[in-house]
Amino acid sequence: MPQERADPTAPARRLWNRLHGQGPVIGLVLLGIAGMLLHENFATYDNLMNVLKNTSFIGIIAVGMCFVIISGGIDLSVGSMAALIAGVVILSMNAMAPSFGMLTAVVLGMLLAVLLGALFGLVHGLLITKGRIEPFIVTLGTLGIFRAYLTYFSNGGAITLDNDLSDIYGPVYYADLAGVPIPVLVFLLVALLGGVILNRTAYGRYVQAIGSNEQVAQYAAVDVHRIKILTYMLLGICVGIATLLYVPRLGSASPTTGLLWELEAIAAVIVGGTVLKGGAGSITGTVVGAVLLSVIGNILNLSSIISVYLNSAVQGFVIIAVAFIQRGRR
């Protein structure tokens, strides 16, 4: 019986596949090297913490978005959802402070942010599963609804947190622990929990199974509707957490709050290697993708290679390039 000849290109192909899977990490490393060469302050501790701090809001939302995209869904409303949550939380804190005290009002407002996020996610999940409406249509609709209600509540202007409340709430954004800003620590904790849930729980396996083939998942006795509802609620909770960290940054909410956050979160997930059609992805890649996009903006701002008005254009080119590279995986 003749022996099969070994494929001489097999080692090279295995190396390429391994490097292909680590593309976001390699890209981040190369960007870091470029940043150090272009500006002396890029690699300073303060600048790196500033990059991570600015990434934390989108990064937290991107963790939840990763679950939704892996399941085969999408959510275009997260920026508007964050804006509405911010406005309602500020109004609630201002109203509760005289009766419950400022500290209690802040704590209750933070809890309200998470609860509202979960509620909005539940509504999305029910409309998508029970109402049998495409996620794109549902969240495109709520994108306008959420921002319109915020504009109505603010009368087209800004909803501002009372000064005394701002002083108490401020440390949630401005304080640090052992030199690491609170938003960065929360971002890392959310990412860690997201990775454990996705890779170490039955729920995470069901999310991936639904994204790979929903019909097969149903035949395997997976409660597809319940998993989808939980997935959109998880994203809503992530939006609530990101919002409660963001509110003390400016102490206000306006119709421009959270503008285009949904696109940044989706971009972070895709750049991180998650397949847009669903079924495969990672939280680690999503975190790297979010940081990578922030690093691009930071390098351009520090070095002034091109106009700051073109930062988004550069990020857009990177997203398209990543999608082109990943086309073989679809």
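Side chains are part of it too, since the values below use all heavy atoms of this structure and drop only hydrogens, waters and symmetry mates.
Side-chain contact between I168 and D164 is absent, with no heavy atoms from C-beta onward closer than 4.5 Å. The closest side-chain heavy-atom distance from L38 to L302 is not below 4.5 Å. Considering only heavy atoms from C-beta on, L84 comes within 4.5 Å of F120 through its side chain. Side-chain contact check for I69 versus I74: some heavy-atom pair is nearer than 4.5 Å. W261 places none of its side-chain heavy atoms less than 4.5 Å from the side chain of M81. Side-chain contact between L76 and I266: present, with at least one pair of heavy atoms (C-beta onward) separated by less than 4.5 Å. A 4.5 Å side-chain heavy-atom check between V269 and V68 finds every atom pair outside the cut-off. Side-chain atoms of V172 and V106, non-hydrogen and from C-beta on, never get closer than 4.5 Å to each other.
For the residue pair T284 / S282, no side-chain donor-acceptor distance below 3.5 Å is found, with atom types taken as modelled.
Distance check: T286 OG1 to L292 CG gives 12.5 Å after rounding to the nearest 0.5 Å. Put simply, CD1 on I58 and OH on Y246 are 9.5 Å apart, with the number rounded to the nearest 0.5 Å. One finds the OG1 atom of T243 at 11.0 Å from the CG atom of L112 (value rounded to the nearest 0.5 Å). Here CG of L37 is found 13.0 Å from NE2 of H39. Values are rounded to the nearest 0.5 Å. Interatomic distance, CG of L161 versus OG of S166, reported as 4.0 Å (0.5 Å rounding). The CD1 atom of I85 lies 7.5 Å from the CZ atom of F146; values are rounded to the nearest 0.5 Å.
The main-chain N or O of S77 is never found under 3.5 Å from a side-chain atom of R147 such that the two would form a donor-acceptor pair. Here the side chain of T257 pairs a donor or acceptor atom with the backbone of S254 at under 3.5 angstrom. Side-chain atoms of N47 never come within 3.5 Å of backbone atoms of A43 as a donor-acceptor pair (strictly under, hydrogens ignored).
The two atoms that bring G179 and D176 nearest to each other are N-OD1, 3.5 Å, heavy atoms only. Residues I70 and L198 share a closest heavy-atom pair of CD1-CD2, 3.8 Å. Considering all non-hydrogen atoms of both residues, V224 and A217 come closest at CG2-CB, 4.4 Å. Scanning both residues, I159 and S154, for their nearest heavy atoms gives CG1-CB, 3.5 Å. Closest non-hydrogen pair, A191 versus I283, comes out as O-CG2, 3.4 Å. What you find for E262 and L143 is that their closest heavy atoms are OE2-CD1, 4.2 Å.
Within a 6.0 Å radius of CD in E134, no more than 12 heavy atoms belonging to other residues, nucleotides or ligands are found. Sparse packing is recorded around CG of N155, with 12 or fewer heavy atoms of other residues, nucleotides or ligands lying under 6.0 Å away. The number of heavy atoms from other shown groups lying within 6.0 Å of OH (Y152) does not exceed 12.
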One pair to check against side-chain contact (heavy atoms from CB on, under 4.5 Å): I145 and Y149. What are the steps and the verdict? CA-CA 6 Å; I145 292 170; Y149 269 102; 3.8 Å; yes
L140 and F136: CA distance, side-chain angles, deciding distance, side-chain contact (heavy atoms from CB on, under 4.5 Å) verdict: CA-CA 6 Å; L140 182 63; F136 181 91; 3.9 Å; yes
Verdict with supporting geometry, V123 and Y232, side-chain contact (heavy atoms from CB on, under 4.5 Å): CA-CA 9 Å; V123 172; Y232 281 94; over 6 Å; no
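Residue I296 is tested with N298, I299, L300 for a side chain to side chain contact (heavy atoms under 4.5 Å, CB included); the sole match is L300. Test T231, T129, T142 against H124 for side-chain hydrogen bond (donor to acceptor under 3.5 Å, both in side chains) and you get one pass: T142. Under the side chain to side chain contact (heavy atoms under 4.5 Å, CB included) rule, I241 has a single partner from I61, V63, V186, which is V186.
Both tests do not hold together for K53 against F187: distance to the six-membered ring centre under 6.0 Å, angle to the ring axis within 45°.
Under the ring pair (Phe, Tyr, Trp, His ring centres under 6.0 Å) criterion, no residue pair touches residues 197-220, with sequence neighbours excluded. Residue pairs that meet the ring pair (Phe, Tyr, Trp, His ring centres under 6.0 Å) test with at least one member in residues 63-112, sequence neighbours left out, do not exist here. The salt bridge (Lys or Arg N to Asp or Glu O under 4.0 Å) pairs that include a residue from residues 199-218 are E214-K228, where partners are two or more places apart or lie in different chains.
Cluster membership check: V190 shares its hydrophobic cluster with V114, using side-chain heavy-atom separations under 4.5 Å among Ile, Leu, Val, Met, Phe, Trp and Tyr.
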